[in-house]
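Worksheet: the structure to be examined is printed underneath.
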2 protein chains.
Amino acid sequence: MSDERRTRANGRASRKAILVAAAEVFAERGYRGTSLTEVANRVGMTQPGLLHHFKTKDELLLAVVEDYEALSERTPSLQERLAPDRFELAEQLELLASTNARARQEQLLLTTLSAEAIPLNHPLHGYFLHRYKSFRRGLTAIFVRAQESGAMRSDVNAADVARELIATLDGLHLQWLLDPKEVNLKKAVRDYARRLTAELSPTNERARS
Amino acid sequence: MSDERRTRANGRASRKAILVAAAEVFAERGYRGTSLTEVANRVGMTQPGLLHHFKTKDELLLAVVEDYEALSERTPSLQERLAPDRFELAEQLELLASTNARARQEQLLLTTLSAEAIPLNHPLHGYFLHRYKSFRRGLTAIFVRAQESGAMRSDVNAADVARELIATLDGLHLQWLLDPKEVNLKKAVRDYARRLTAELSPTNERARS
């Protein structure tokens, strides 16, 4: 390997190591509680060494979020899994919980940063605003199509169900993260998914009408 | 008023002013993002002046939480409102949402601090762990009694419903705090409360069995 190529390879390795350490620190301490010094220490680097890769804490935070997004794109989202021709809501929610239960740190990162990002001046405020808006719209569209195809009862409001489903998942993740001894994420989501599916069943609608 | 009494009255007034300013700063920036200097500035006090009342940031945080608890005790909690002899779940959830929608800053404080308190080393970790545990247990007990009295269908698990209700409320509060233009807390909770009540109705159980 030429010196130049070796330098570039080392650069990529350090960049990756910084991103891994930064994701840990941001998850544990949030954006506001994180200092570049702490990230540099964790990765065994000097602060000038870190500043060579990321000039500011904001730049580092956005790189961590991009890295997370790139990773997420490799696994299908709930919206993608819930194709209207196979509307397996309970099964797909259980799969999601099973994946998330194995990724505690990523879930901690999301929960910590989304709450911290409520104030307008937080660097991720716009990101989370858009993320929730688009999640609500995407799920609503899927529910509307499921209602049209007869897979979901049509006497409930699709947008309400979408908003509540996202809310319940968020809240169950928070309870699990705070108290994993008492709240088992997979079981909690499975119990919820089964009740929700029973409620949304078209049979249920016919039985009542 | 004697000099000594005046000093004590001024002391109480400054203490109260510090607590109000601190609750604002903790709500906006969390515990980790808050500095005593910022709180002192907001209340128009020097830092030594503030340190006269609260020696550390932890002491100030705990005083803010105690203050919040004292305030909360003056209004009945959801558990207290849901007496088993009048199990008006939808009405009481709507009342709660209506109160919370008028107290954005308090809700921001709770949402921000509860997410920040997930790591074991956060000063409020034990507080929120206990708060959620006791909320889950209290609601479960109320649901069990409502099932026994025939006010709620008995073919659902009371503990699951309690956990999910708390989760959904938390998640709806988060979406409202992040995006008050798109998510109306009162409407979101009302829609949820009505669907939940319909689902939990004993009539619904008889119709299916």
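Note that the structure is predicted; figures quoted are calculated from it, not measured.
The contact between Y132(A) and chain B is made entirely by side chain atoms (from C-beta outward), counting heavy-atom distances below 4.5 Å. Residue contact with chain A, scored on non-hydrogen atoms closer than 4.5 Å, is absent for L113(B). For chain A, the nearby parts of S114(B) are the backbone and the side chain; heavy atoms of each come within less than 4.5 Å. For chain A, the nearby parts of V161(B) are the backbone and the side chain; heavy atoms of each come within less than 4.5 Å.
Across all their heavy atoms, L129(A) and L178(B) have their closest contact at CD1-O, 3.0 Å. Across all non-hydrogen atoms, the minimal contact from K187(A) to D160(B) is NZ-OD1, 3.7 Å. In terms of heavy-atom proximity, R29(A) sits nearest to R32(B) at CA-NH1, 3.4 Å.
Judged by distance alone, with hydrogens and angles left aside, the side-chain atoms of Q175(A) form a donor-acceptor pair with the main-chain N or O of R163(B) at under 3.5 Å.
No side-chain heavy atom of L120(B) sits under 4.5 Å from any side-chain heavy atom of E28(A). Inter-residue side-chain proximity for D179(A) and K133(B) is flagged as met; some heavy-atom pair is nearer than 4.5 Å.
Residue N157(A) holds its CG atom at 12.5 Å from CZ of R194(B), rounded to the nearest 0.5 Å. One finds the OH atom of Y192(A) at 6.0 Å from the OG1 atom of T168(B) (value rounded to the nearest 0.5 Å). To the nearest 0.5 Å, atoms CZ (R195(A)) and CG (D155(B)) are separated by 10.5 Å. The CD atom of E164(B) sits 8.5 Å away from the CG atom of L196(A) when rounded to the nearest 0.5 Å.
The side chain to side chain contact (heavy atoms under 4.5 Å, CB included) test with L174(A) singles out one residue from T111(B), D170(B), I166(B), L174(B), and that residue is D170(B).
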Could you go through R104(B) and I118(A), starting from their C-alpha distance and side-chain angles, then the distance that decides it, and tell me whether this counts as side-chain contact (heavy atoms from CB on, under 4.5 Å)?
CA-CA 11 Å; R104(B) 190 181 189 279; I118(A) 295 169; 3.9 Å; yes
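The residue among A188(A), G33(A), G30(A) with the most heavy atom pairs within less than 4.5 Å of chain B is A188(A).
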